[in-house]
Protein chains: 2
Amino acid sequence: MSKPEQDIPTIFALFNEIGIISQLSSRLFETRLPDGFLVSHFAVLNHLTRLGDGRTPLSIAQALQVPKTSMTHTLKGLHKAGLIAFEPNPKDSRSKCVMLTDQGRTFRENAIAALGPDMVQMAQRIDVSKIADALPILIEVRAYLDKAREAE
Amino acid sequence: MSKPEQDIPTIFALFNEIGIISQLSSRLFETRLPDGFLVSHFAVLNHLTRLGDGRTPLSIAQALQVPKTSMTHTLKGLHKAGLIAFEPNPKDSRSKCVMLTDQGRTFRENAIAALGPDMVQMAQRIDVSKIADALPILIEVRAYLDKAREAE
DNA sequence: TTGCATTAGTACGATTTCGCACTATTTAAT
DNA sequence: ATTAAATAGTGCGAAATCGTACTAATGCAA
């Protein structure tokens, strides 16, 4: 703790691994999605399913840590595919609410099912309890970066 | 171990966190790089510094897990900026060797220095020993995905 | 040796991503 | 109430990313 410079290589290594795993998992995931859909699309559907729909584009963008202009584009794609619907935001007419359609929910379920075999295979080859052990610090790092970004 | 389906949510959570951390750290990193440079550029310079230059574009692409067409583009940018040089590959004339220039080495050092304050601050707020503990499983996951991809 | 499959790299085009600038609306201050 | 500052979302343009298809060189087999 006395010499934080010593810790820098460890932090670098973390970001290095995370960058590559993110790259690998996204690409693998996308091969399992229907043509024309990306992880960015799935991430929105998943977010709305897990935390509830009716959220605004901005709040989704912040949760997924992408610029709001990117979210506009992603939502446009989901809307064109009929997976989400827009409703006016009764509390703020500058804004909108993003709603999941039935097709959107089905799409997410199918996507998860399509990944199932990969996940099961991975669960058989990797000690998942170690992943569970690693999750808290990752969540901590995420929260830290999130705050550091706000404070910028 | 008996019911891998139970592990799937844990694996999902891992990829979820990793995706967001990757997003956050890349964006933060890029704000510290000179204008026009991205994490993809730094990653190549860093790779060549750590493991030695003289590698081929394909081997770099595989190490960083990006398509070779993306690597062609990234290398073009580094070359235009004078940070790398190409030499013919004596063992295979289809290929080339990517060499670091002095400017390339300096660029990497400056980039790391520019990140220093962020890293130090993070090392002060986060228990880095927990990061060190988490690294082995991340490396294992990376290696697994890497193999799973080859076997595709 | 000859021929065929494989490999390294690239050109090209489609799409994504994202920063900047803008409009419309809301909030806050006086 | 009026005005200024902040906010939500988008249009636009530039750049990155990546899949497909191609060329050139290599390796392998008969």
Side-chain angles (χ1 to χ4, degrees), chain A residues 19-20 22-44 54-81 84 86-98 149-150 152, chain B residues 19-20 22-44 54-81 84 86-98 149-150 152:
Chain A
I20 293 179
S22 171
Q23 179 79 11
L24 275 163
S25 60
S26 297
R27 301 285 295 289
L28 171 65
F29 203 158
E30 279 167 10
T31 67
R32 303 293 187 251
L33 289 179
D35 256 19
F37 291 96
L38 304 177
V39 171
S40 51
H41 297 117
F42 174 83
V44 170
R55 286 152 199 280
T56 67
L58 184 61
S59 95
I60 302 171
Q62 288 169 338
L64 302 182
Q65 292 299 331
V66 299
K68 59 183 183 172
T69 56
S70 304
M71 188 50 59
T72 296
H73 181 79
T74 302
L75 292 176
K76 205 178 289 183
L78 289 169
H79 187 243
K80 186 175 298 183
I84 60 171
F86 294 117
E87 289 185 7
N89 184 339
K91 305 204 168 178
D92 188 338
S93 56
R94 287 170 302 184
S95 178
K96 341 167 149 177
C97 297
V98 182
R149 183 178 176 278
E150 283 173 15
E152 168 186 332
Chain B
I20 293 180
S22 171
Q23 180 78 12
L24 275 162
S25 61
S26 297
R27 302 285 297 288
L28 171 65
F29 203 158
E30 279 166 11
T31 67
R32 302 294 187 251
L33 289 179
D35 255 20
F37 291 96
L38 304 177
V39 171
S40 50
H41 296 117
F42 175 83
V44 170
R55 285 152 200 281
T56 67
L58 183 60
S59 96
I60 302 171
Q62 287 169 339
L64 303 182
Q65 292 299 332
V66 299
K68 58 183 183 172
T69 57
S70 306
M71 187 51 59
T72 296
H73 182 80
T74 301
L75 293 177
K76 204 177 288 183
L78 289 169
H79 187 243
K80 186 174 298 182
I84 59 170
F86 294 117
E87 290 184 6
N89 185 339
K91 305 204 169 179
D92 187 340
S93 57
R94 288 171 301 183
S95 178
K96 340 167 149 178
C97 297
V98 182
R149 183 178 175 277
E150 282 173 17
E152 168 188 330

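Just so we're on the same page: letters track the sequence lines, and every chain starts at 1.
For the pair A:Arg55 CZ and D:dA8 C1', the interatomic distance rounds to 17 Å; values are reported in whole Å. Note: CG (B:Leu64) to C1' (D:dA16) measures 15 Å, nearest angstrom. Atom NZ in A:Lys68 sits about 13 Å away from atom P in D:dG11, given to the nearest Å. When the P atom of D:dC18 is taken as reference, atom CD of A:Glu30 falls 8 Å away, rounded to whole Å. As rounded to whole Å, 9 Å separates atom P of D:dT20 from atom CG of A:Asp35. Atom-to-atom, CE of B:Met71 to P of C:dA11 comes out at 16 Å; the value is rounded to the nearest Å. Nucleotide D:dC18 holds its C1' atom 14 Å from the CD atom of B:Gln65, rounded to whole Å. When the C1' atom of C:dT6 is taken as reference, atom CG of B:Leu58 falls 13 Å away, rounded to whole Å.
Between A:Gln23 and D:dC18, a side-chain N or O to OP1/OP2 separation shorter than 4.0 Å is present. Remark: B:His73 is in phosphate contact with D:dA16, judged by side-chain N or O atoms under 4.0 Å from OP1 or OP2. Remark: A:Arg27 is not in phosphate contact with D:dT17, judged by side-chain N or O atoms under 4.0 Å from OP1 or OP2. The phosphate of C:dA24 (OP1 or OP2) has no side-chain N or O of A:Ser93 nearer than 4.0 angstrom.
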Output a table of donor-acceptor pairs, distance under 3.5 Å, between side-chain atoms of residues 89-96 of chain A and any protein atom two or more places apart or on a different chain; print 'none' if there are none.
from, atom 1, to, atom 2, distance (Å)
A:Asn89, OD1, A:Lys91, N, 2.9
A:Asn89, ND2, A:Ser95, OG, 3.3
A:Asp92, OD1, A:Arg94, N, 2.9
A:Asp92, OD1, A:Arg94, NE, 3.1
A:Asp92, OD2, A:Arg94, NE, 3.3
A:Asp92, OD2, A:Arg94, NH2, 2.7

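Looking at the side chain of B:His41, the nearest of the listed nucleotides D:dA16, C:dT17, D:dG19 is D:dA16. For B:Leu38, taking side-chain heavy atoms from C-beta onward, the closest of the listed nucleotides D:dA16, C:dT16, D:dG9 is D:dA16.
Judged by distance alone with a 3.5 Å cut-off, a donor-acceptor contact links the side chain of A:Thr69 to the base of C:dG19. Between the side chain of B:Arg94 and the base of D:dT26, no donor-acceptor pair under 3.5 Å is found.
When all heavy atoms are compared, the tightest approach of A:His41 to A:Gly36 is CE1-O, 3.8 Å. Shortest non-hydrogen contact noted between A:Gln23 and B:Leu64 is CG-O, 4.2 Å.
Nearer to the 5' terminus of DNA chain C, by closest-nucleotide assignment, is the contact made by B:Lys96 (compared with the other of A:Gly36 and B:Lys96). For the pair A:Ser40 and A:Lys91, both in contact range of DNA chain C, the more 5′-proximal nearest nucleotide belongs to A:Ser40.
Within the nucleic acid shown, A:Thr72 comes within 4.0 Å of at least one base atom, counting heavy atoms only. Among the atoms of the strands shown, base atoms are found under 4.0 Å from some heavy atom of A:Ser70. Here A:Lys76 lies in heavy-atom contact (under 4.0 Å) with sugar-phosphate atoms only.
Proximity of B:Pro67 to A:Arg27: side-chain heavy atoms (C-beta onward) are separated by under 4.5 Å at one or more points. Using a 4.5 Å heavy-atom cutoff, the side chains of B:His79 and B:Ile84 are in contact. The closest side-chain heavy-atom distance from A:Thr72 to A:Pro57 is not below 4.5 Å.
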